[in-house]
2 protein chains.
Amino acid sequence: MKHKSLENDACPVARSLEAAGDTWSMLVVRDAFAGKRRFGEFQRSLGVAKNILTVRLRKLVALGVLEQVPAADGSAYQEYVLTEKGRGLFLVLVALGQWGCGESEFKLVERKRGKAVRLELRSEDGRKVGLDEVSLASPRA
Amino acid sequence: MKHKSLENDACPVARSLEAAGDTWSMLVVRDAFAGKRRFGEFQRSLGVAKNILTVRLRKLVALGVLEQVPAADGSAYQEYVLTEKGRGLFLVLVALGQWGCGESEFKLVERKRGKAVRLELRSEDGRKVGLDEVSLASPRA
DNA sequence: CCGTATCCATTCCGATACTG
DNA sequence: CAGTATCGGAATGGATACGG
């Protein structure tokens, strides 16, 4: 049977994995957040085969994470920039980064003041909430 | 060439994708957070082939996300439970869930008070920080 | 019930060559 | 530079059969 597409799964986590659930997509997004826009920039940064990159870029465009805009330098090519939806993946990226660093040495700073910023769970009234104090009431999670 | 392992990549995002960057691993983790522990529970919930599940469980154990413990019911089998490290993936799961729901209808509640909880960026002194106010100063991101 | 083993189809990925 | 085309090998996934 064909590999099940998660795109229409009831669980939002599963749906999100459509964009995050392969080796390269999130790394492309990471590079996009780092300001990369051109095919060659992604290709050299990631060391991915060009045909694979082509497919991934197309998929991210189809998912509405990236959009193609005419190159700023007047060349005949496209640049790939994050959409509003794509920028929403920032929290996912930060969560992955924090976890990969064991919760301590991940460097995320507020531009204006240069102070460290962290990802946290907060209740509606702004109180900090611990990982073990919450329950997931999401569909099929 | 062999598929590049991200395990030793300089970027923490890339390293985390070793655990999150395939179709099934994060869904297994999601189910583990939902209280599932047994091979068959995962298998029926995910509809994944048993051989693939075996491989994924082994990988998550090897990565220190899950650990095997003797079954509570005295059967000869194992149960798979989240380690401390594995529980750290909760923020990643929440980030994916929030994104999949377009930032609104994701249900995460504080157990004690039943109030909604959200994932946010906060500066060291507790101020809420917007997505566009921060910069990533992480290696290779 | 909990896996392991095997087989086969599909997909993914990397390398290379090629085009404009 | 920015892709497209093609190829082969590796990994992934599904189905099923089997054994503890």
Side-chain angles (χ1 to χ4, degrees), chain A residues 1-9 14 17-29 31-32 35-63 66-81, chain B residues 1-9 14 17-29 31-32 35-63 66-81:
Chain A
M1 195 209 286
K2 202 182 148 295
H3 183 154
K4 183 186 310 180
S5 168
L6 300 170
E7 208 162 347
N8 300 312
D9 197 290
L17 287 171
E18 190 73 20
D22 69 88
T23 309
W24 297 115
S25 294
M26 279 305 290
L27 294 175
V28 171
V29 171
D31 279 2
K36 295 187 173 61
R37 305 162 67 94
R38 299 288 285 249
F39 187 92
E41 290 185 287
F42 293 113
Q43 207 259 316
R44 281 187 306 277
S45 165
L46 299 175
V48 60
K50 291 192 290 183
N51 49 354
I52 302 298
L53 179 58
T54 298
V55 174
R56 285 296 169 272
L57 288 172
R58 261 206 270 273
K59 178 174 139 189
L60 290 169
V61 169
L63 289 172
L66 297 177
E67 64 182 334
Q68 293 176 293
V69 302
D73 64 352
S75 68
Y77 305 114
Q78 307 292 317
E79 299 189 345
Y80 301 86
V81 300
Chain B
M1 196 210 286
K2 199 183 150 295
H3 185 155
K4 184 185 308 182
S5 167
L6 300 170
E7 207 163 347
N8 300 312
D9 196 290
L17 286 171
E18 189 72 21
D22 70 86
T23 311
W24 297 114
S25 295
M26 280 305 291
L27 294 176
V28 170
V29 171
D31 278 3
K36 294 188 174 60
R37 306 163 66 93
R38 298 289 286 249
F39 187 93
E41 290 184 288
F42 293 113
Q43 207 259 315
R44 281 186 304 278
S45 166
L46 299 175
V48 59
K50 290 193 289 182
N51 50 354
I52 301 298
L53 179 58
T54 298
V55 174
R56 286 295 170 274
L57 288 172
R58 261 206 269 275
K59 178 175 141 189
L60 289 169
V61 168
L63 289 171
L66 297 177
E67 64 182 335
Q68 293 176 295
V69 301
D73 63 353
S75 68
Y77 307 113
Q78 307 291 320
E79 298 189 344
Y80 301 87
V81 300

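Proteins get letters first, then strands, A, B, ... in listed order; numbering begins at 1 in each. Since the structure is predicted, the reported quantities are computational estimates derived from the model, not experimental observations.
- A distance of 7.0 Å separates CG in B:L46 from CG in B:L53, rounded to the nearest 0.5 Å.
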Could you provide the dot-bracket string of DNA chain C, using ( ) for intrastrand pairs, [ ] for crossing pairs and | for bases paired to another strand, with Watson-Crick or G-U pairs below 3.5 Å? |.||||||||||||||||||
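- Regarding A:I52, its CD1 atom lies at a distance of 15 Å from the P atom of D:dG3, rounded to whole Å.
- Listed by chain and number, the residues in a side-chain hydrogen bond (donor to acceptor under 3.5 Å, both in side chains) with B:Q68 are B:Y80 (sequence neighbours excluded).
- Atom CG of B:D31 is separated from atom CH2 of B:W24 by 10.0 Å, given to the nearest 0.5 angstrom.
- With sequence neighbours left out, the side-chain hydrogen bond (donor to acceptor under 3.5 Å, both in side chains) criterion links A:S75 to A:R38, A:D73.
- Distance alone, capped at 3.5 Å, is enough to place a donor-acceptor pair between the B:Q43 side chain and the B:V48 backbone.
- For C:dC2, the OP1/OP2 oxygens have no side-chain nitrogen or oxygen of B:T54 closer than 4.0 Å.
- Within the 4.0 Å cut-off from OP1 or OP2 of D:dA11, not a single side-chain nitrogen or oxygen of B:W24 is found.
- Taking 4.0 angstrom as the limit, B:Y80 places a side-chain polar atom (N or O) nearer than this to OP1 or OP2 of C:dG3.
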So which protein N/O to nucleotides 16-20 of chain C N/O distances come out below 3.5 Å?
from   : atom 1 : to    : atom 2 : distance (Å)
C:dG20 : N2     : A:Y77 : OH     : 2.5

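- Residue A:R38 has a polar side-chain atom (N or O) positioned under 4.0 Å from OP1 or OP2 of D:dA2.
- Rounded to an integer number of Å, the gap from B:R37 CZ to C:dC2 P is 13 Å.
- B:K59 pairs by the side-chain hydrogen bond (donor to acceptor under 3.5 Å, both in side chains) definition with B:D22, not counting sequence neighbours.
- Every residue meeting the side chain to side chain contact (heavy atoms under 4.5 Å, CB included) condition with A:V69, not counting sequence neighbours, appears here in chain and number order: A:R37, A:E67, A:E79, A:V81.
- Distance check: B:T23 OG1 to A:E18 CD gives 8.5 Å after rounding to the nearest 0.5 Å.
- Contact check, B:S75 against C:dC1: no side-chain N or O comes under 4.0 Å of OP1 or OP2.
- When distances run from any side-chain atom of A:R56 to the nucleotides C:dG3, C:dC13, D:dC1, the shortest one goes to C:dC13.
- For D:dG3, the OP1/OP2 oxygens have no side-chain nitrogen or oxygen of A:R58 closer than 4.0 Å.
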